[in-house]
Protein chains: 2
Amino acid sequence: MRQDGDLISRLSEQGYRLTPQRMLVLSAIANSDHHISAEEIYAQVVAKYPYVNISTVYRTLDLLKRLDLVTETDLGGGRVRYHPVDKGHHHHLVCQECGAIIDLDESVLSSLQSHLLREYKFSADLRHLAIFGRCTNCNQ
Amino acid sequence: MRQDGDLISRLSEQGYRLTPQRMLVLSAIANSDHHISAEEIYAQVVAKYPYVNISTVYRTLDLLKRLDLVTETDLGGGRVRYHPVDKGHHHHLVCQECGAIIDLDESVLSSLQSHLLREYKFSADLRHLAIFGRCTNCNQ
DNA sequence: AAAACTTATGCAAGCATTTGCAATTAAAAC
DNA sequence: GTTTTAATTGCAAATGCTTGCATAAGTTTT
Ligand SMILES: [Zn+2]
Ligand SMILES: [Zn+2]
Ligand SMILES: [Zn+2]
Ligand SMILES: [Zn+2]
């Protein structure tokens, strides 16, 4: 289990207030090793501090995205999932049929990244992508 | 302006009913050359047939996706957009800062596609993708 | 330490999309 | 051509997420 200290210090360095709500959201993200959803974060936060509103959770997530501290990825299942950037970059293949998720090293997309930068001068945000499709089993 | 005949015949070939609602949704998609949203489709449909519900539009879009006749792509702006598959494959680079959209030939992702198939036996659905990031102007 | 200003939160309403269910419509069986 | 069965729709409610606005909490200025 990791500390959430680095996330928290990054926040205060940038001049944002360290409210109890924000600390709890940060904690929930930093201490989760899978890809956590807003509702899971909210449940953890509310357990310790009952008067938090889910919109505060979403606003904190928004802030963390802007500061490049967490990524937001649609892995299917109707809700978006969050992951701390400093826990390492990778991607996922998501089977639309059975829901299976295959993990991918970040290097798989690095040649695409540099191609887009070279040919289109476009700096693509490919930090934590989900690519949908069909796995072997489900592809007939 | 294209005919919607091919979309319609594909539907009936597969044993689905050609209800007025479906015909109007199909028409709206086939006759739009940009990437049309559910609400734009709904507006066009309602103009000709006032008693249609937006959930029917969404259900028809769902059907068309399952039959591989339209793609659904998030190009930003808070609503998803639809495009007929038979109007040609391509992709987009979407600037998160200014909203600019750069068009991409489908070939840009074909080596990724074959890499994923070869190495992971995963058949990725890369028919109409939006890649987010920053354009030259907005990248400092 | 008040006053003035800024930031962050809670609440309620809103938005895009989905879902459950009962009513309608069409196709199939008799 | 009725009855039976299946597909499709409309409606209302639900879901995940966002936004506007007034209150609250924290900072800065005086
Ligand atoms: Zn991941
Ligand atoms: Zn699968
Ligand atoms: Zn397109
Ligand atoms: Zn831009």
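Here is how names work: the chains are called A, B, and so on, in the same order as the sequence lines, proteins then strands, and each is numbered from 1.
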Next item on the list: Please determine which of His83(A), His90(A), His89(A) meets the side chain to side chain donor-acceptor pair (under 3.5 Å) test together with His128(A).
Entry: His90(A)
Next item on the list: In whole angstrom, give the distance that lies between atom CG of Leu61(A) and atom C1' of dT18(D).
Entry: 13 Å
Next item on the list: For Tyr51(B) and dT8(D), give me the distance from atom OH to atom C1', rounded to whole Å.
Entry: 19 Å
Next item on the list: Grab the CD1-C1' distance between Ile36(A) and dG16(D) for me, whole Å please.
Entry: 16 Å
Notebook entry, point to check: How do Asn53(A) and Asp62(B) order along DNA chain C: which one's closest nucleotide is nearer the 5' end?
Noted result: Asn53(A)
Note to self: So Ile41(A) and Leu61(A), do their side chains get closer than 4.5 Å, heavy atoms only?
What the structure shows: yes
Check: Could you walk me through whether Asn31(A) and Gln44(A) pass the side chain to side chain contact (heavy atoms under 4.5 Å, CB included) check?
Finding: CA-CA 11 Å; Asn31(A) 294 331; Gln44(A) 285 191 43; 5.8 Å; no
Check: Touch check for Ser55(A), heavy atoms < 4.0 angstrom, all strands: base, sugar-phosphate only, or nothing?
Finding: base
Check: Got a sec, which hydrophobics cluster with Ile131(A), joining ILVMFWY side chains under 4.5 Å apart, including via others?
Finding: Leu93(A), Ile102(A), Leu104(A), Val108(A), Leu109(A), Leu112(A), Leu116(A), Tyr120(A), Phe122(A), Leu126(A), Leu129(A), Leu93(B), Ile102(B), Leu104(B), Val108(B), Leu109(B), Leu112(B), Leu116(B), Tyr120(B), Phe122(B), Leu126(B), Leu129(B), Ile131(B)
Margin query: Can you confirm whether Lys65(B) is buried at NZ, in the sense that more than 12 heavy atoms of other residues, nucleotides or ligands lie under 6.0 Å from that atom?
Written below: yes
Margin query: From CZ of Arg79(A) over to C1' of dT18(D), roughly how many Å is that when rounded to an integer?
Written below: 17 Å
Next item on the list: Quickly work out the Ile54(B) CD1 to dA12(D) P distance and round it to whole Å.
Entry: 15 Å
Note to self: I need the OH-C1' distance between Tyr42(A) and dC17(D), as an integer number of Å.
What the structure shows: 14 Å
Notebook entry, point to check: So what does Arg22(A) touch, heavy atoms closer than 4.0 Å: a base, only the sugar-phosphate, or nothing?
Noted result: sugar-phosphate
Check: Start at the 5' end of DNA chain C and walk down; is the nucleotide closest to Thr56(A) or to Tyr58(B) reached first?
Finding: Thr56(A)
Item checked: Gap between atoms CD and C1', on Glu39(A) and dA14(D) respectively (whole Å) -> 12 Å
Notebook entry, point to check: With His115(A), which residues qualify under side chain to side chain donor-acceptor pair (under 3.5 Å), at least two apart?
Noted result: none
Notebook entry, point to check: Ile101(B) and His92(B): which non-hydrogen atoms are nearest, and at how many Å?
Noted result: CG2-ND1, 3.6 Å
Notebook entry, point to check: Does anyone know the first and last nucleotide of DNA chain C in reach of chain B, 5' to 3', at under 4.0 angstrom to a heavy atom?
Noted result: dA16(C) to dA26(C)
Check: Rounded to the Å, how far apart are Asp74(B) CG and dT18(D) P?
Finding: 12 Å
